[in-house]
Amino acid sequence: MSQTCRFTSADFWAFSLEYYQKPNVQSQLLHLQDHHQGNVNLALLCLWLDQQCENLTLPELHQLQRAIQVTDYRLQRHRIHRRGLKKSIDHSNYQWALKEELLLEKIQQNELIHYLVKYHHASPCSVPNNYRGYLALLNQTS
């Protein structure tokens, strides 16, 4: 059995919820999303793997980006729609739109874990820089 089987969607989701609540994390990740076309879930995956001393290769980062293109498109469209509704609907309907977006985020995280379990090959542990690698990749494509 491959070493990557230790990666589960539930563990990644739990990490993401906890990490996102840390001071300044939400604002930094939203800045990455809104100003650098970054993907919050992919950034969180990189941070999670960094904590586990698990390295991603540059081709794997590219493949992860491709693996979530469909859900990323759906998320972006939903996010634009939700933001447009913010001032025009009541609080409970806006909260519903937020919950829908969270569900789409969770679906996207499942896709990331599916790719990771299926295709990632564990490499010898070194100092991982997945998050920095992702930021460098975004700077190349911006």
Does His31, at its NE2 atom, have more than 12 non-hydrogen atoms belonging to other residues, nucleotides or ligands within less than 6.0 Å? yes
Residues two or more places apart in sequence or in another chain: which of them pass side chain to side chain donor-acceptor pair (under 3.5 Å) with Glu105? Asn41, Arg79
If hydrophobic clusters are built from ILVMFWY residues whose side chains come within less than 4.5 Å, do Leu45 and Leu30 share one? yes
If you round to the nearest 0.5 Å, how far is CG of Leu61 from SG of Cys46? 5.0 Å
Candidate pair Phe7 and Gln52, rule side chain to side chain contact (heavy atoms under 4.5 Å, CB included), full reasoning: CA-CA 10 Å; Phe7 302 126; Gln52 297 185 47; 3.4 Å; yes
Just verifying a value: how many Å separate Leu135 CG and Leu32 CG, rounded to the nearest 0.5 Å? 6.0 Å
Check whether Val40 and Tyr115 end up in the same hydrophobic cluster, where Ile, Leu, Val, Met, Phe, Trp and Tyr are linked by side-chain heavy atoms less than 4.5 Å apart. yes
Would you call Gln63 and Tyr119 a side-chain contact if the rule is heavy atoms closer than 4.5 Å? no
In short, Ala43 meets Leu29 closest at the heavy-atom pair CB-CD2, 3.8 Å
Whether over 12 other heavy atoms sit under 6.0 Å from Arg66 CZ: yes
Is the number of heavy atoms from other residues, nucleotides or ligands within 6.0 Å of CZ (Arg74) greater than 12? no
Scanning both residues in full, the closest heavy-atom pair of Glu111 with Ala67 reads OE1-O, 3.6 Å
Any Gln65 side-chain heavy atom under 4.5 Å of Tyr134 side chain: yes
If we only count heavy atoms from C-beta on, is the Ile89 to Trp96 side-chain gap below 4.5 Å? no
Nearest 0.5 Å please: distance from the CG atom of Leu56 over to the CG atom of Asn129. 11.5 Å
Might you confirm whether atom CZ of Arg83 has over 12 heavy atoms from other residues, nucleotides or ligands at distances under 6.0 Å? yes
Does Leu42 offer a backbone N or O that forms a donor-acceptor pair with the side chain of Asn39 under 3.5 Å? yes
Which residues pass the ring-ring contact (aromatic ring centres under 6.0 Å, His included) test with Tyr131, sequence neighbours left out? none
In a table with atom names and distances, give each donor-acceptor pair under 3.5 Å that connects a side chain of residues 12-28 to protein atoms at least two apart or in another chain.
unit_1: Ser16; atom_1: OG; unit_2: Phe12; atom_2: O; d: 2.9
unit_1: Ser16; atom_1: OG; unit_2: Gln109; atom_2: NE2; d: 2.9
unit_1: Ser27; atom_1: OG; unit_2: Asn24; atom_2: O; d: 3.0

Check whether any side-chain heavy atom of Leu49 lies under 4.5 Å from a side-chain heavy atom of Leu116, and answer yes or no. yes
Would you tell me whether His120 and Glu60 have side-chain atoms, one donor and one acceptor, within less than 3.5 Å of each other? yes
4.5 Å side-chain heavy-atom contact, Ser9 and Leu112: no
His62 vs Leu137, side chain to side chain contact (heavy atoms under 4.5 Å, CB included): CA-CA, chis, key distance, verdict: CA-CA 9 Å; His62 282 290; Leu137 178 64; 3.2 Å; yes
